[in-house]
*Asks:* 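Got a structure for you, questions after.
Note that the structure is predicted; figures quoted are calculated from it, not measured.
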Amino acid sequence: MTHSCSIIDGKKIAQEIRASLKKQISDMAARPVLAVISVGDDEASRIYVRNKEKAAAEIGMECRSLHFSNTVAEKELLEVIEALNKNESVNGIIIQQPLPCHLKTACLVEAVMPCKDVDGFGPVNLGLLQMNSPEAVIAATPKGVLRLIKSTQVELAGKHAVIIGRSNIVGKPMASLLLNQDCTVTVAHSKTIDLPALVRQADIVVAACGCEKLVKGDWVKDGAVLIDVGINRGSDGRLCGDIDFEALAGRDVWITPVPGGVGPMTVAMLLENTWRAYKNQKNIL
Ligand code: NAD
């Protein structure tokens with residue numbers, strides 16, 4: 001397929017970040033440690049956890065996987081989190097989502113101490129992000145999206161960014177991040193009226209709704225930066241995003257592919273957050 005618009009190569013940028021982390025970690029006497037708590041037998045979660053373990057190992061970071069059965073009690077998980085919070089050899093803690101319905105995700109996420117919350121999903125880090133504090137641990141996917149947007153060198157101040165999706169882990173933190181970059185931000189969601197009209201005004205589009213090829217070629221204005229967070233199994237059985245990538249071939253736009261765009265950046269940003277947590281905990285500048 002020919003595609004002469006500008007592709008933002010997330011795979012390559014993520015690789016460069018991982019190589020830089022690997023080099024920095026190799027100078028350390030003790031390895032950074034990321035603890036991953038997972039529950040149940042969700043197939044996608046298993047793949048995500050395996051990818052994180054592999055990526056961590058490749059850069060010399062230790063990934064301790066703690067897996068629990070579908071019937072685990074919330075109290076037991078809270079005790080595990082408390083022990084990890086106290087364990088000085090553990091630098092980052094993440095709770096793989098989704099969790100089974102009997103567990104209160106917010107309650108568990110909140111139990112992770114903010115300096116080890118390397119997913120940035122806890123209320124303290126979300127609040128710090130809202131306040132544009134440099135102390136905030138920023139959720140990996142939105143953080144990676146911002147890096148991808150910045151890689152285009154497009155000026156952000158004053159630009160209209162339309163974010164499609166308002167989840168706590170992507171859409172909402174993304175809105176705060178882009179506001180902090182002086183963009184004018186519109187957050188669209190499933191109840192938004194006339195999404196095509198909004199997208200037509202956008203200089204930047206972050207699509208994170210999980211709807212196969214929702215954003216059509218004729219919704220997009222020339223010169224736009226298009227970041228596709230969505231991961232969908234298309235009707236042809238192949239992975240595709242929330243933006244109709246093929247329809248934008250030959251157009252004057254920047255775009256991320258799926259796969260090979262946001263996905264690799266999410267993993268790289270999680271590793272970067274864990275590395276930063278390690279340095280903060282050890283007072284390394
Ligand atoms: P979610 O299901 O929690 O939220 C989806 C959001 O999209 C909701 O706010 C909903 O209101 C909105 N939405 C749904 N249909 C819409 C429509 N027709 N028009 C406008 N808005 C609509 O999802 P999420 O966790 O934020 O993830 C979104 C997508 O991004 C999914 O495909 C997910 O797999 C993917 N994802 C990818 C990565 C990555 O690393 N690449 C990370 C996280 C999520």
*Asks:* Should R233 and E212 count as an ion pair when the cut-off is N to O under 4.0 Å?
*Replies:* no
*Asks:* Using distance alone, with no hydrogens and no angle criterion, decide if K282 and N91 have a side-chain donor and acceptor under 3.5 Å apart.
*Replies:* no
*Asks:* Which pairs, with at least one residue in residues 249-285 and sequence neighbours excluded, count as a ring pair (Phe, Tyr, Trp, His ring centres under 6.0 Å)?
*Replies:* W275-Y278
*Asks:* May I ask you to check whether Q97 and T105 show a side-chain donor-acceptor distance below 3.5 Å?
*Replies:* no
*Asks:* Would a hydrophobic clustering, with Ile, Leu, Val, Met, Phe, Trp and Tyr connected at side-chain separations under 4.5 Å, put I149 with V199?
*Replies:* no
*Asks:* Taking V137's backbone N and O only, do any of them form a donor-acceptor pair with N125's side chain (distance below 3.5 Å, no angle check)?
*Replies:* yes
*Asks:* Between atom CD1 of I163 and atom CD1 of I227, what is the distance when rounded to the nearest 0.5 Å?
*Replies:* 11.5 Å
*Asks:* For R147 and I17, which heavy atoms make the closest approach, and how far apart are they?
*Replies:* NH1-CD1, 3.7 Å
*Asks:* Taking D242's backbone N and O only, do any of them form a donor-acceptor pair with D228's side chain (distance below 3.5 Å, no angle check)?
*Replies:* yes
*Asks:* Backbone N or O of D218 within a donor-acceptor pair of the R200 side chain at under 3.5 Å?
*Replies:* yes
*Asks:* Between R251 and D222, does any NZ, NE, NH1 or NH2 come within less than 4.0 Å of an OD or OE carboxylate oxygen?
*Replies:* yes
*Asks:* Is it the case that the side chain of D117 and the backbone of G122 share a donor-acceptor pair, with hydrogens and angles ignored and the cut-off at 3.5 Å?
*Replies:* yes
*Asks:* Are L108 and I93 co-members of a hydrophobic cluster defined by side-chain heavy atoms under 4.5 Å apart?
*Replies:* yes
*Asks:* When you check the gap from the basic side-chain N to the acidic O, do R64 and E62 get nearer than 4.0 Å?
*Replies:* yes
*Asks:* What are the two closest heavy atoms between T192 and A188, and how far apart are they?
*Replies:* OG1-CA, 3.3 Å
*Asks:* Is a side-chain donor-acceptor pair under 3.5 Å present for S20 with Q24?
*Replies:* yes
*Asks:* With the 4.5 Å side-chain cut-off for hydrophobic clustering, are V162 and I255 part of the same group?
*Replies:* yes
*Asks:* Kindly indicate, with the supporting measurements, whether the criterion side-chain hydrogen bond (donor to acceptor under 3.5 Å, both in side chains) is fulfilled by S45 and S38.
*Replies:* CA-CA 8 Å; S45 291; S38 59; over 6 Å; no
*Asks:* Are the charged groups of K12 and E16 less than 4.0 angstrom apart, N to O?
*Replies:* yes
*Asks:* What about I81 and L126, same hydrophobic cluster or not, with Ile/Leu/Val/Met/Phe/Trp/Tyr joined at side-chain heavy-atom distances under 4.5 Å?
*Replies:* no
*Asks:* Is it the case that K159 and Q181 place a side-chain donor and acceptor less than 3.5 Å from each other?
*Replies:* no
*Asks:* Provide the full list of ring pair (Phe, Tyr, Trp, His ring centres under 6.0 Å) pairs with a residue in residues 81-125, sequence neighbours left out, each pair given once.
*Replies:* none
*Asks:* Can you confirm whether more than 12 heavy atoms, excluding those of K104, are under 6.0 Å from its NZ atom?
*Replies:* no
*Asks:* Are I95 and V33 connected in the hydrophobic side-chain network, where two residues link if heavy atoms are under 4.5 Å apart?
*Replies:* yes
